[in-house]
Trainee: 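Below you will find the structure I want to go over with you.
Numbers restart at 1 for each chain; the letters A, B, ... are given by sequence-line order, proteins then strands. Please read these numbers as outputs of a predicted model, since none were measured by experiment.
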2 protein chains.
Amino acid sequence: MRHPLATSTFHKLRDEIENGIVTGTLPPGSRLDEVQLASRFGVSRTPIREALMQLGAIGLVEIRPRRGAVVVNPGPNRIYEMFEVMAELEGMAGSLAARRYTEEDRAKLLAAHAECERSVKSGDTDAYYYDNEIFHRAIYEASHSGFLLDQCTALHRRLRPYRRLQLRVLNRMKVSFGEHTRIVEAILAGEAEAARELLRGHIAVQGDRFGDLIASLTSNGQKLL
Amino acid sequence: MRHPLATSTFHKLRDEIENGIVTGTLPPGSRLDEVQLASRFGVSRTPIREALMQLGAIGLVEIRPRRGAVVVNPGPNRIYEMFEVMAELEGMAGSLAARRYTEEDRAKLLAAHAECERSVKSGDTDAYYYDNEIFHRAIYEASHSGFLLDQCTALHRRLRPYRRLQLRVLNRMKVSFGEHTRIVEAILAGEAEAARELLRGHIAVQGDRFGDLIASLTSNGQKLL
DNA sequence: AGTGGCGTTTTTGTATACATCCGTATTGAC
DNA sequence: GTCAATACGGATGTATACAAAAACGCCACT
């Protein structure tokens, strides 16, 4: 076999499989057969295994010795815990952003917010889902903490499938956008603690919203539970 | 070659190499030669590569395509950012612990605190370093958030080498223990916000303390910078 | 003497082969 | 008829072989 761009073969495989997991093509609990994946991607088992090892290390797949790899299936409780931590990290990012944002950060944040508004007005849930990610990333970047950016990005990615479900809940998009507006105001006003609390509340899955999330999960044909 | 406990060979290798990194046997910037490691552990390159992939995924080593793996060398700035996030997560754990701790958690926390006291009184820095980890782990566990426990444990591990240096700073051990005492009081009194703030302050590397840390790093013969 | 190009050597990335273990099904005994 | 034990198929874990790229050094040329 030719190796035209050999350096990134296993890297590509990792992204490919990871993408399949977060998009739902490989639902939680799926068995990840090495030979099957190998033939599917036209490579040998070696780079497949290396990709699975990486995904195992970041907690996306569970590698049971001698028993193969499966897509991790976090229960409702663990999903809740993940959102809890995400809320805290987002709050931290917002707090730092309020104190450290530059003119460039401000422009990016406002631009992302404007994009979200467009998607809300057109009622495009998928577009809002995408714009929402850019908006939050703008906050992470405005925190000017590279490590926090990495952590938030990674966790945000892992929560992708559940966040997508959340948006389907009635009116969630409009409510979310309203919260964004207040968050932007707090950050640009330099009100660190206000930004922290607003973002914590924005992410946290509290009361009814957690029930809604669980309902979405179970009504989706057990695919995610 | 026999494979008596084949299931965990690469797993052991991962822990072994990771241990070498956090203990300083493999200082930041070291090249991790695959054949060298393979012969050193008496295995082939395959499991070595799989172990390195995992370490690369969690950010302990940097894998440059076609150019080998090296132990990551975070600059002072990134180290500071990591402590910043650690402080936030610890604060969160303390806050949750204050609200959720059980009788068993209370016993473990007090026991760990007592062990710390013993080490302080005997002036044993290494013992305190060890007891300190148990103490903090007791807080993570009392938070009753499995995901938070995982996150805190992982980050705590990555910060190990720097924390060890910190303790060498004059009187740090006694000051640390005094802070522990107030943290225990706040948690057991159920004062969530107080526990959060105390733990944040306990971890955060602020003002002089960050300077001390950097000084320790640079005076250590550039091994860590 | 310094620099640039070319060949060698070392190392990484992938494929394949082999040994071991898990899961399952079939068969036999009670 | 049911349960258990064994054997077989299949998948994982590791080792080895091979291909390609990068690092290194050497020689020639300016």
Side-chain angles (χ1 to χ4, degrees), chain A residues 1-21 25-73, chain B residues 1-21 25-73:
Chain A
M1 183 188 191
R2 280 154 54 251
H3 299 169
L5 209 49
T7 170
S8 60
T9 296
F10 83 86
H11 191 276
K12 273 188 194 165
L13 287 174
R14 180 172 69 76
D15 291 349
E16 201 75 38
I17 298 173
E18 180 179 356
N19 206 46
I21 293 174
T25 307
L26 298 168
S30 310
R31 225 168 130 10
L32 296 170
D33 188 77
E34 294 177 3
V35 291
Q36 183 182 323
L37 288 170
S39 70
R40 175 152 167 253
F41 290 106
V43 297
S44 88
R45 281 175 50 217
T46 308
I48 294 286
R49 278 183 64 83
E50 292 178 351
L52 290 179
M53 288 290 173
Q54 294 213 356
L55 295 176
I58 64 177
L60 259 174
V61 309
E62 183 185 353
I63 299 181
R64 300 167 302 178
R66 282 279 183 203
R67 300 189 57 196
V70 297
V71 180
V72 292
N73 188 6
Chain B
M1 183 188 192
R2 280 154 54 254
H3 298 171
L5 209 50
T7 170
S8 60
T9 296
F10 83 85
H11 191 276
K12 273 188 195 166
L13 287 174
R14 180 173 69 76
D15 291 349
E16 202 75 39
I17 297 173
E18 179 178 357
N19 206 45
I21 293 174
T25 308
L26 298 168
S30 311
R31 246 180 103 8
L32 296 171
D33 188 75
E34 294 175 3
V35 291
Q36 182 182 324
L37 288 170
S39 70
R40 177 153 163 250
F41 290 107
V43 298
S44 87
R45 281 176 49 217
T46 307
I48 294 285
R49 277 184 65 85
E50 292 177 349
L52 290 179
M53 287 292 173
Q54 294 213 0
L55 295 176
I58 63 176
L60 260 174
V61 310
E62 183 186 352
I63 298 181
R64 300 167 303 178
R66 283 277 182 202
R67 300 189 57 196
V70 296
V71 180
V72 293
N73 189 5

Trainee: Measure the distance from CG on Leu37(B) to P on dT11(C) and round it to the nearest whole Å.
Mentor: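 Leu37(B) atom CG is separated from dT11(C) atom P by 12 Å.
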Trainee: Could you tell me which residues satisfy side chain to side chain donor-acceptor pair (under 3.5 Å) with Thr25(A), sequence neighbours excluded, listed by chain and number?
Mentor: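 Counting only residues at least two positions away or on another chain, Thr25(A) forms a side chain to side chain donor-acceptor pair (under 3.5 Å) with Thr23(A).
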Trainee: With a 3.5 Å cut-off and sequence neighbours excluded, list the donor-acceptor pairs that the side chains of residues 35-42 of chain B form with protein atoms.
Mentor:
{"unit_1": "Ser39(B)", "atom_1": "OG", "unit_2": "Val35(B)", "atom_2": "O", "d": "3.4"}
{"unit_1": "Ser39(B)", "atom_1": "OG", "unit_2": "Gln36(B)", "atom_2": "O", "d": "3.0"}

Trainee: Can you name the residues that form a side-chain contact (heavy atoms from CB on, under 4.5 Å) with Ser44(B), not counting sequence neighbours?
Mentor: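 Result, side-chain contact (heavy atoms from CB on, under 4.5 Å) vs Ser44(B): Thr46(B), Pro47(B).
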Trainee: Whole angstrom is fine here: how far is it from CG in Leu52(B) over to C1' in dT14(C)?
Mentor: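 Taking CG of Leu52(B) and C1' of dT14(C), I get 16 Å after rounding.
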Trainee: Can you measure Ile48(A) atom CD1 to dT14(C) atom P for me and round it to whole angstrom units?
Mentor: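 The answer, rounded to whole Å, is 10 Å.
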Trainee: Can you sort out the partners of Arg49(A) under salt bridge (charged side-chain N to carboxylate O under 4.0 Å, His left out), two or more places apart, ordered by chain and number?
Mentor: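 Partners of Arg49(A) under the salt bridge (charged side-chain N to carboxylate O under 4.0 Å, His left out) test: Glu34(A), Glu50(B).
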Trainee: Holding to side-chain contact (heavy atoms from CB on, under 4.5 Å), I want the full list of residues that pass it with Glu62(B), two or more places apart in sequence or in another chain.
Mentor: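 Expected list: Arg64(B), Val70(B), Val72(B).
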Trainee: Listing time: all N or O pairs from protein to nucleotides 7-12 of chain D that are below 3.5 Å?
Mentor:
{"unit_1": "dT12(D)", "atom_1": "O2", "unit_2": "Arg66(A)", "atom_2": "NH1", "d": "2.6"}

Trainee: Taking 4.0 Å as the cut-off, does a side-chain nitrogen or oxygen of Thr9(A) come that near to OP1 or OP2 on dT14(C)?
Mentor: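 So the side-chain polar atoms of Thr9(A) do come within 4.0 Å of the phosphate oxygens OP1 or OP2 of dT14(C), strictly under.
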Trainee: Respond yes when some side-chain nitrogen or oxygen of Thr46(A) is under 4.0 Å from OP1 or OP2 of dT14(C), and no when none is.
Mentor: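 Answer is no, no contact under 4.0 Å.
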Trainee: Rounded to the nearest angstrom, tell me the gap between atom CD1 in Ile63(B) and atom C1' in dA22(D).
Mentor: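 Nearest whole value for this atom pair: 17 Å.
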Trainee: Kindly give the heavy-atom pair with the smallest separation between Gln54(B) and Ala57(A), and that separation in Å.
Mentor: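 Answer, listing the atom of Gln54(B) first, then Ala57(A): O-CB, 3.5 Å.
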